[in-house]
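Down below is the structure, laid out as structure tokens.
All residue numbers refer to positions in the sequence shown, counting from 1.
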Amino acid sequence: MCHLFAMSGGAERIEATFWLLDAPDNPRTQTRRPPDGAGLGVFAEDGTPQVSRQAIRSRADTAFAREAQQVTSTTFVAHVRHASTGRVDDANTHPFLQDGRIFAHNGVVEGLDKLDAELGPARAGVVGNTDSERYFALVTREIAARDGDVGEGITAAVNWIAENLPLYSINMVLATPRELWALRYPDTNGLHVLQRAPGGRNQRHLDHASPFSEIRVRSVDLRTRPAVVVESERMDEDPRWRLMASGELLHVAPDLSVTSRLVLAGPPSHALDLDDLRPEAAASQTAAVPDIQIPA
């Protein structure tokens with residue numbers, strides 16, 4: 001399935017290296033559906049967002065994703081796409097950028113004609129044809145309608161979607177230069193958070209590798225600095241990973257304090273399961289192998 005990754009170092013800039021895809025000779029790559037795109041979003045020292053992304057149509061397109069991407073930022077968003085809606089091209093590859101914010105989504109939203117009608121003029125800012133970028137456009141519109149209050153904008157947007165559109169999952173991460181938000185809804189796909197102290201549980205640098213997806217992240221700086229990490233899957237055996245609740249909106253502040261609240265109660269009005277999805281959409285939401293077991 002699509003892999004979401006987000007990390008915040010708070011107000012501190014940290015250096016990290018990303019590999020968005022495993023090496024081609026890794027045995028894990030032989031047992032999963034090839035991804036359709038990969039991307040990475042960070043912020044420059046002046047707060048300018050920088051997004052690098054590439055669609056993957058064949059093995060020849062994977063060089064960017066397999067190469068080490070060494071970046072420095074306060075917040076990071078990475079995504080590996082398995083397409084559910086929209087063409088396989090760069091415009092449809094996550095993460096997306098709007099109004100200086102970086103966003104990525106894992107899930108499926110249908111009823112896009114109705115969503116387009118709701119967006120109205122805000123639809124003009126959507127470059128591709130995915131459900132995810134339209135979802136982001138609604139979030140962006142609602143933030144603007146609430147004088148830049150990101151949390152309230154997300155809350156309004158996701159409640160409208162949950163009430164009005166068929167959906168399988170609207171898990172998402174959204175980053176600004178110093179803040180991070182994450183939402184899990186409903187409980188069809190996982191989303192985990194780790195509040196990592198300097199050095200983690202073993203007093204060492206961060207070195208996270210997904211047990212069944214593609215992303216690997218390493219940061220020597222996090223041997224001595226704290227961070228908050230949000231992942232589709234738990235990427236190491238630290239017992240402090242927490243599975244977010246369905247409907248939970250998590251916020252990481254510049255001082256790395258974490259607050260959560262439930263912004264969606266109960267199931268979606270038009271919940272979809274895998275049998276309801278088109279074959280390619282269902283495949284995009286299915287993991288290749290089971291999650292790792294975390295010791296008690």
Pair Y135 and F103, ring centroids less than 6.0 Å apart: yes
Flag for H251-E179: side-chain donor and acceptor within less than 3.5 Å: yes
S132 side chain to N106 backbone, donor-acceptor under 3.5 Å: no
Pairwise side-chain contact, F96 with R53, heavy-atom cut-off 4.5 Å (strictly under): yes
Greater than 12 external heavy atoms within 6.0 Å of Q203's CD: yes
Side-chain (E133) to main-chain (V126) donor-acceptor, under 3.5 angstrom: no
Hydrophobic cluster membership, I161 vs L249, 4.5 Å side-chain cutoff: yes
D99 side chain vs R101 backbone, donor-acceptor pair below 3.5 Å: no
R13 (side chain) donor-acceptor with T72 (main chain) under 3.5 angstrom: yes
Check: W181 and T176 side chains under 4.5 Å, non-hydrogen atoms: yes
Donor-acceptor side-chain pairing of D221 and S219 below 3.5 angstrom: no
Any donor-acceptor pair under 3.5 Å from D131 side chain to E110 backbone: no
Ring-face cation of R234 near W241 (centre distance under 6.0 Å, axis angle within 45°): no
Shared hydrophobic cluster, L222 / V228 (ILVMFWY, side-chain heavy atoms < 4.5 Å): no
ILVMFWY cluster, V71 and L4 together (side-chain gap under 4.5 Å): no
Common cluster, V77/V42, ILVMFWY with side-chain heavy-atom separation under 4.5 Å: no
Non-hydrogen atoms of V263 and N159 that approach each other most closely: O-ND2, 2.9 Å
Donor-acceptor contact below 3.5 Å, side chain R134 vs main chain T130: yes
Same apolar cluster (I L V M F W Y, side chains within < 4.5 Å links), F18/L206: yes
Value rounded to 0.5 Å, distance of CG in L138 from CD1 in I154: 11.5 Å
R178 side chain vs S8 backbone, donor-acceptor pair below 3.5 Å: no
Test item: side-chain donor near acceptor, E163 and H270, under 3.5 Å: no
E15 and Q70, any side-chain heavy atoms less than 4.5 Å apart: yes
Sidechain-backbone polar pair: T48 side chain, A44 backbone, donor-acceptor under 3.5 Å: no
Residues, nucleotides or ligands: over 12 heavy atoms within 6.0 Å of D255 CG: yes
Lys/Arg N to Asp/Glu carboxylate O, E248 vs R242, below 4.0 Å: yes
Distance-minimising heavy-atom pair for E142 and A156: OE1-CB, 3.7 Å
Student check: side-chain heavy atoms of V80 and L21 closer than 4.5 Å: yes
Smallest separation among heavy atoms of H105 and I170, with atom names: NE2-CA, 3.6 Å
Parallel, tilted or perpendicular: ring planes of H94 versus H79, cut at 30 and 60 degrees: parallel
R146 side chain reached by R141 side chain, heavy atoms, under 4.5 Å: no
Exercise: identify the closest heavy-atom pair between A68 and T17: CB-CG2, 3.7 Å
Any I143 side-chain heavy atom under 4.5 Å of D149 side chain: no
Polar side-chain atom of T140 near backbone of F136 as donor-acceptor pair, under 3.5 Å: yes
Test item: T75 and M7 side chains (from C-beta on) under 4.5 Å apart, heavy atoms: no
Residue pair L264 / V158, side-chain heavy-atom distance below 4.5 Å: yes
Basic-acidic side-chain contact under 4.0 Å: R261, E152: yes
Salt bridge flag under 4.0 Å for residues D236 and R201: no
L167 to P186 - nearest heavy-atom pair and separation: CD1-CD, 3.7 Å
Least distance between heavy atoms, P95 atom then G41 atom: CG-N, 3.8 Å
Check: N129 main-chain N/O paired with N92 side-chain donor or acceptor under 3.5 Å: yes
F76/I102 under side-chain contact (heavy atoms from CB on, under 4.5 Å): CA gap, chis, key distance, verdict: CA-CA 9 Å; F76 306 77; I102 298 172; over 6 Å; no
